[in-house]
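This report concerns only the one structure given below.
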Amino acid sequence: MTDNYPEEQRKIDEMYMRRALELAAKGRGTTTPNPMVGAVIVKDGQILGEGYHIRAGEGHAEVNAFRDAEGKDVTGATIYVTLEPCSHYGKTPPCADKIVEKKIGRVVVAALDPNPLVAGRGIEKIRKAGIEVVTGVLAEASIQLNEVFMKYIVTKRPFVLLKAAMSLDGKIATAGGESQWISCETSREEVHHLRHELTGIMAGIGTVLADDPMLNCRIPGGKQPVRIIVDSHLRIPEDSRLVTSAREYPLVVASTEACDIEKKSRLEAAGVNVLLVQADQNGHVDLNALMDVLGEMKVDSILLEGGGRLAESALQAGIVDKVQFYIAPMLIGGAQAKTPVEGEGIELLSHAWKVSDWKAERIGDDIKITGYIQERR
């Protein structure tokens with residue numbers, strides 16, 4: 001943010017940046033591996049053009065905003081962009097060059113781009129052309145919108161969201177195993193939007209054996225996630241719905257070198273991508289090693305949706321970034337009824353996984369709680 005920023009101007013800039021953020025969010029689920037970006041061109045208090053990044057490989061937000069303003073004089077106008085304009089050639093030309101070429105008078109940016117190919121170079125190029133640049137306007141909102149991109153572009157590892165639906169007393173199923181449906185219809189519909197937005201969905205083999213799920217996105221026209229099953233001993237049934245639909249919906253099964261090689265060959269013949277990942281000290285798939293492999297496969301985000309044991313292993317491995325729990329207004333009870341996080345757990349409360357920046361909101365009949373896992377010290 002620049003010094004001596006007049007309060008009236010700050011309010012104006014935030015108003016137009018909110019509109020740019022609204023536009024950016026329209027690209028949810030379709031811009032991967034690129035970020036969601038929105039742009040608004042304003043002159044003399046009038047919006048001349050708007051745009052957002054619709055789909056990876058197509059025009060960036062700034063280009064689409066200029067296209068929307070075609071035939072109008074944008075000389076000296078202000079352009080509001082939710083993420084730093086790019087300065088490098090990729091599938092499209094640099095947006096920073098387009099801004100200079102159009103003789104824009106002022107550029108207001110929400111967040112800087114952590115992409116090493118950009119990382120301040122876009123702003124530097126614009127400033128060198130004599131154009132005023134203001135940064136940091138609603139930066140936190142832009143960063144949160146692109147939390148997947150912000151992590152993946154720097155670490156090349158997936159952003160992991162742990163999701164669970166549970167009763168008020170913390171049960172995800174009855175003692176007899178019934179779990180459909182604890183959460184309300186509105187919550188379940190939102191989860192399908194998450195499956196559309198995120199690149200992969202992950203579950204443990206226990207969930208597969210118990211529920212025979214499909215793990216696909218059921219939104220009409222929605223993007224199908226890569227289905228990822230952690231199956232250390234390759235126990236997945238060859239007649240399961242996951243395997244029999246592998247040619248229709250991508251399926252990755254992560255196992256270890258100790259698996260049945262003949263079964264691996266049969267699964268691969270059925271269209272399954274079987275990954276042999278190094279084992280941890282317990283002979284199970286090393287989840288950190290799996291994250292590295294999935295990152296190399298361009299899986300930038302994962303919805304961790306199935307299995308209390310896998311959830312605990314993921315927390316122990318430190319791969320979970322965010323949690324999203326749906327709490328239904330019911331009590332189930334039962335000492336043997338399953339909970340969202342199982343495994344060995346912790347012995348001391350000081351070792352618990354703390355959740356920060358959490359918020360709670362009503363969704364249908366449920367309460368949704370989201371927050372971020374703090375690093376354990």
Side-chain angles (χ1 to χ4, degrees), residues 1-28 31 34-54 59-69 72 74-88 94-151 153-154 357 359 372:
M1 195 80 73
T2 58
D3 295 332
N4 303 318
Y5 195 21
E7 180 67 14
E8 184 177 350
Q9 185 62 58
R10 181 185 65 80
K11 289 181 179 179
I12 292 172
D13 288 347
E14 288 185 353
M15 177 182 70
Y16 288 119
M17 189 62 77
R18 285 192 190 93
R19 175 56 186 161
L21 286 164
E22 288 176 4
L23 291 166
K26 291 184 176 183
R28 201 181 289 276
T31 64
N34 296 342
M36 291 173 275
V37 184
V40 177
I41 301 170
V42 179
K43 186 174 182 179
D44 299 328
Q46 298 293 319
I47 293 178
L48 302 183
E50 297 183 331
Y52 67 98
H53 186 37
I54 300 172
H60 288 186
E62 300 92 325
V63 172
N64 290 333
F66 283 124
R67 185 176 294 128
D68 188 45
K72 301 171 185 176
V74 299
T75 303
T78 297
I79 185 168
Y80 294 86
V81 190
T82 59
L83 194 67
E84 177 184 359
C86 63
S87 57
H88 64 289
C95 291
D97 290 357
K98 178 69 71 174
I99 288 170
V100 173
E101 174 194 324
K102 293 290 186 178
K103 297 186 169 70
I104 289 293
R106 183 168 177 263
V107 178
V108 181
V109 176
L112 300 184
D113 191 335
N115 186 344
L117 294 175
V118 184
R121 295 184 182 90
I123 286 173
E124 182 182 6
K125 181 180 284 191
I126 294 168
R127 281 183 172 147
K128 281 185 176 179
I131 299 172
E132 178 190 356
V133 179
V134 177
T135 62
V137 177
L138 301 186
E140 286 187 12
S142 177
I143 291 169
Q144 185 173 28
L145 179 67
N146 283 303
E147 56 192 7
V148 167
F149 173 80
M150 294 290 181
K151 177 183 179 180
I153 198 67
V154 174
D357 299 324
K359 65 178 181 179
Y372 297 85

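Between D13 and Q9, some side-chain heavy-atom pair lies under the 4.5 Å cut-off.
For the pair T82 (side chain) and G38 (backbone), a donor-acceptor distance under 3.5 Å is present. A distance-only check finds a donor-acceptor pair linking the side chain of E84 to the backbone of I123 [under 3.5 Å]. Between the side chain of R127 and the main chain of V133, a donor-acceptor pair closer than 3.5 Å is present.
For the pair R10 and E14, the salt-bridge criterion is met [side-chain N within less than 4.0 Å of a carboxylate O]. Between E22 and R19 there is a salt bridge, since at least one side-chain N of the basic residue sits less than 4.0 Å from a carboxylate O of the acidic one. The existence of a salt bridge linking E8 and K11 is excluded, since no basic side-chain nitrogen approaches an acidic carboxylate oxygen closer than 4.0 Å.
Taking CD1 of I12 as the start and CD of E7 as the end, the distance is 10.5 Å to the nearest 0.5 Å. Distance check, rounded to the nearest 0.5 Å: CD1 of I99 to CD1 of I126 gives 4.0 Å. Taking OG1 from T31 and NE2 from H60, the interatomic distance works out to 9.5 Å, rounded to the nearest 0.5 Å. Note that CE of M150 is 5.0 Å distant from CG of L83, once rounded to the nearest 0.5 Å. To the nearest 0.5 angstrom, E140 atom CD is 7.0 Å from I143 atom CD1. Taking CD of E132 as the reference point, atom OG1 of T78 lies at 7.5 Å (rounded to 0.5 Å).
Residues passing the side-chain hydrogen bond (donor to acceptor under 3.5 Å, both in side chains) test with N64, sequence neighbours excluded: R67. Residues satisfying the side-chain hydrogen bond (donor to acceptor under 3.5 Å, both in side chains) test with K43, not counting sequence neighbours, are D73.
K72 NZ: more than 12 foreign heavy atoms inside a 6.0 Å radius. Sparse packing is recorded around CD of Q46, with 12 or fewer heavy atoms of other residues, nucleotides or ligands lying under 6.0 Å away.
The shortest heavy-atom contact between C95 and P85 is CB-CB, 4.2 Å.
Under the 30°/60° scheme for interplanar angles, the aromatic rings of Y80 and Y16 are found to be tilted.
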